[in-house]
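Beneath this line is the structure, given in structure tokens, with notes to follow.
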Amino acid sequence: MPTECSDYLPAEIEPHWQNFWERNQTFSAENSSEKAKYYALDMFPYPSGSGLHIGHPEGYTATDILCRFKWANGFNVLHPMGWDAFGLPAEQYAIKTGTHPALTTRQNVENFRKQIKKIGFAYDWEREINTTSPDYYKWTQWIFLQMFKHGLAYVDEKPVWWCDTLKAVLANEEVVDGKSEVGGHPVERRNLRQVVLRITAYAEKLLNGLEGLDWPDSTKRMQTAWIGRSEGAEIDFVIDQHPDEKLRIFTTRPDTLFGATYMVIAPEHPLVEKLCTEDHKDAVKAYQDAASKKSDLDRTDLAKEKSGEFTGAYAINPVNGTRIPIWIADYVLISYGTGAIMAVPAHDERDFEFAEQFSLPITSVVEPKPQKSTADSPRLPYSGKGILINSENYTGLSSDDAKQKIVADLAQKGSAEATVNFKLRDWIFSRQRYWGEPIPMVWVSRPDFERALDTHDSDLKAYLPGEAVTSIVDGELKYALPVLPQHLPLNLPETESYQPSGTGESPLATIDSWLRVKINLKTGAICAANDPSANSPDWVSAVRETNTMPQWAGSCWYHLRYMDPKNSDAMVGPKAEQIWQTPDIYIGGAEHAVLHLLYARFWHHFLFDIGVLSQPEPYKRLFHQGIILGEDGQKMSKSRGNVVNPDDIVRDFGADALRLYEMFLGPLEAMKPWSTQSIQGMVRFLKKVWTEIIDTETGRVKAKISDSARTDPETAKILHQTIKTVTEDIEGLRFNTAISQLMVCINRFQKAEGYATPDAERFVQLLAPFAPHICEELWERLGNQPSVSKAKWPEFDPSKLVEDSMKIVFQVNGKTRNVVSVSKEITKDTILDMAKKDPKILPHLSGQTIRREIYVPGKLVNFVAN
RNA sequence: GCCCGGGUGGUGGAAUGGUAGACACUGGGGACUUAAAAUCCCUUGGCCGCAAGGCCGUGCGGGUUCAAGUCCCGCCCCGGGCACCA
């Protein structure tokens with residue numbers, strides 16, 4: 001049933017059809033279907049307290065258009081929505097007010113859902129998921145356990161931001177300009193126990209996998225740079241004073257080995273103490289101390305000047321036996337390569353700068369290839385490749401050949417090895433927070449761990465990694481045991497206080513009853529420490545891991561859960577995974593170009609490797625919608641007061657106008673400013689569509705539209721052109737031009753005296769993905785059964801596009817002087833003749849000689865004359 | 001510093017190497033109305049001209065081409081990412 005209104009009243013029409021879709025489950029996806037599947041994924045939102053932002057509907061409208069288009073083309077469509085609901089704000093609110101984050105989250109989710117529904121998105125709400133629901137995070141924990149089992153998890157001391165005033169670990173985003181975001185207190189780097197995932201084991205796979213993906217090039221490039229693969233060699237330099245000790249360095253330029261005039265090791269390098277001679281000890285120690293106090297920021301950004309200290313030691317260059325000094329300097333990072341380099345100031349920016357500062361020798365060993373070089377020798381440092389000079393019997397070789405040969409020759413002597421290095425670091429996976437997924441591990445003593453290993457028929461043993469995960473817990477070395485899948489989910493315990501512990505541990509560490517447990521070494525069962533029934537010798541004392549997972553965890557695999565959201569036996573059933581495979585398109589912000597999109601790829605590759613999934617890459621086609629700026633052209637923010645609330649826009653203009661406007665603003669990927677004034681244009685367009693089809697006196701279809709009416713050729717041509725353009729533009733995500741073509745079409749309809757009902761229906765179908773509410777209403781009033789989104793998509797008739805005449809542009813010297821309409825059959829000679837006699841062309845040819853005549857068939861004639 | 005992306009009317013933006021400014025917003029003029037809103041019509045890159053028409057015009061400077069917003073070279077500006085990764 002349509003609504004009663006005769007005028008275009010979005011406030012009546014929109015809720016009406018939203019209810020219709022909900023009642024009829026119009027947009028539910030089928031997990032068994034003969035039809036081809038289409039899966040469109042939105043980046044699910046963090047349900048913040050401030051509600052939906054005008055930026056959210058941009059990407060969501062785009063996928064909504066695609067989905068409605070695919071339904072009309074007969075696909076079985078999966079279009080789900082959910083909540084990435086763990087995270088800091090709810091926890092901070094809890095600390096301030098004592099409100100349980102679960103409660104805050106529930107309220108925020110309800111608000112978000114209500115707001116999203118008002119915009120009329122075709123989500124399958126039966127598949128809604130929430131990362132904070134135990135039914136969901138059970139499987140997040142399950143995936144972690146698989147990683148634990150496969151040796152991809154370990155525990156290590158890692159530097160984190162620590163604020164001594166707040167007595168809390170801060171996330172990167174909570175540190176602004178070297179101060180805590182809250183209160184502006186000083187922060188420092190402090191080493192704390194962290195659970196780490198070995199993403200570096202997947203560096204090569206993650207890099208290679210990028211190749212086949214239909215992603216924005218910039219995003220692929222960013223991931224490539226982030227992974228940062230570089231090929232080179234590790235080379236041993238014998239230390240002069242300690243002939244038994246070798247200093248191993250990494251270089252990508254073994255061809256410049258003859259130009260190494262000094263060595264640099266990181267201040268944290270384990271050999272520093274041994275190398276350092278007596279007379280340099282104090283200075284070196286002082287330098288180390290100073291370096292340890294510097295944050296990463298000081299070591300990079302602010303450090304414009306290089307600093308360093310001579311250790312007094314010398315190394316022997318393995319290619320020529322030259323004795324060169326060893327320095328320590330903080331421009332060499334302990335965390336990359338071997339933490340030591342050979343310095344080649346002639347061919348490296350940084351080494352050059354350092355050498356200049358400390359007056360170290362600079363020896364040039366590579367020259368640009370002759371054809372590339374100018375007459376004189378290049379300015380130093382020259383970091384390009386070229387031809388070797390001053391390199392004994394390698395002189396004259398190209399850089400590439402020399403690299404190979406030098407490494408091969410040194411390798412024979414056992415002092416070099418070709419290696420590959422990555423910038424990618426392992427993923428610090430723990431957070432010292434309450435509101436996250438508890439990490440399913442407990443810690444036991446070494447003897448108890450060994451008993452677990454020796455226990456036959458043990459469920460636990462099957463889940464232990466090849467190499468034990470150990471850590472100092474409560475001051476002693478402990479061993480990690482998993483909380484087995486059959487005991488998941490490991491629920492977050494209730495607590496009164498969400499305050500950080502004050503020692504840098506999670507608030508969970510303060511909940512003693514939860515923390516101290518017993519684990520059964522056979523079954524892996526866990527009970528409270530004081531449970532009297534756990535009295536057999538299989539039960540041993542344990543403490544729980546108190547860190548929780550980062551917010552990224554839940555978003556690493558949510559695209560899989562949507563396929564099978566209610567499965568309690570598996571994260572995703574094999575049948576559901578077979579049907580849906582991976583999203584056909586993933587739309588979301590470019591701010592996730594690296595972290596989320598890399599972490600999710602890592603998990604997906606891993607799950608593929610252990611046989612849970614049928615393919616390694618999660619997101620085959622990715623698209624980033626641009627940011628919508630405030631009316632002032634600035635980024636929207638509360639403090640600037642330029643935030644637009646979608647609820648207000650829906651109330652004032654309607655959801656269809658909002659959807660249209662966000663798509664009409666400009667290319668989907670572009671950054672563009674909002675204008676509440678311009679949205680009026682969309683309201684006008686929709687009213688125009690309404691009044692073109694509906695008689696606002698009676699509310700019925702206008703008399704000019706009828707089954708017997710004939711659509712004139714010009715109108716038919718524009719309609720079919722519109723079918724073609726809109727179809728192609730939707731597939732290419734060019735929604736702004738699709739909408740302008742729809743405007744051209746309705747403008748033509750207005751001029752037509754009458755046209756056939758099926759043509760009006762075609763137009764309504766084309767507009768429906770963009771403005772579904774008004775189109776459902778018009779579709780039904782035109783005499784059809786809802787839903788328009790399920791009606792077969794119109795096809796264009798090429799014969800309607802054919803014209804018997806064509807427009808030819810006449811130019812003289814490339815300047816357009818006239819445009820004429822001629823028969824399609826016209827010959828080249830005739831048209832050239834016509835052009836020469838054209839009254840608008842003639843004056844420009846008078847007194848000139850035509851040097852050349854150009855005819856582009858069907859397009860133009862150009863005379864070159866002088 | 002390095003790597004990307006982008007500079008087109010008053011504004012958002014269109015333009016397979018072939019009529020630059022589609023489609024909108026704003027502004028101006030008009031119709032309807034007691035009036036306003038809504039709606040409709042005309043107009044809206046700059047300069048010259050009564051007009052017909054002409055000249056100029058896609059950040060700047062060169063180049064390729066019969067023809068350049070589009071391709072090439074060198075700059076300038078804006079946005080994003082990375083930032084001692086050897």
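Both backbone and side-chain heavy atoms feed into the values below; hydrogens, waters and symmetry mates do not. To find a chain, count down the sequence lines: A is the first, B the second, and so on, and within it residues start at 1.
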For [N], does either OP1 or OP2 sit under 4.0 Å from a side-chain N or O belonging to [X]?
| X | N | result |
| --- | --- | --- |
| A:Arg734 | B:A14 | no |
| A:Lys635 | B:G80 | no |
| A:Asn736 | B:A14 | yes |

Legend entry - Nucleotide opposite B:U19 in a Watson-Crick or G-U pair, distances under 3.5 Å: none

Legend entry - Partner of A:Trp427 by ring-ring contact (aromatic ring centres under 6.0 Å, His included), out of A:Trp226, A:Trp552, A:Tyr599, A:Tyr202: A:Tyr599

Would you mind classifying the nucleic acid contact of [X] as base, sugar-phosphate or nothing, using non-hydrogen atoms under 4.0 angstrom?
| X | result |
| --- | --- |
| A:Ser230 | sugar-phosphate |
| A:Phe863 | nothing |
| A:Thr252 | sugar-phosphate |
| A:Ser740 | base |
| A:Val856 | base |

In whole angstrom, give the distance that lies between atom [atom1] of [X] and atom [atom2] of [N].
| X | N | atom1 | atom2 | result |
| --- | --- | --- | --- | --- |
| A:Tyr661 | B:A24 | OH | P | 15 Å |
| A:Met743 | B:G12 | CE | P | 17 Å |
| A:Tyr855 | B:A67 | OH | P | 20 Å |
| A:Ile627 | B:C78 | CD1 | P | 18 Å |
| A:Ile808 | B:U19 | CD1 | P | 12 Å |
| A:Asn862 | B:A68 | CG | P | 10 Å |
| A:Ile628 | B:G79 | CD1 | P | 20 Å |
| A:His624 | B:G81 | NE2 | P | 12 Å |

Inset, instruction - Provide the distance between the two P atoms, one in B:G10 and one in B:G59, to the nearest whole Å. - result: 13 Å

Inset, instruction - Output the single nucleotide from B:C82, B:C4, B:U19 whose closest atom is nearest the side chain of A:Arg221. - result: B:C4

Inset, instruction - Syn or anti for B:G9, please, going by whether the chi angle lies within 90° of 0. - result: syn

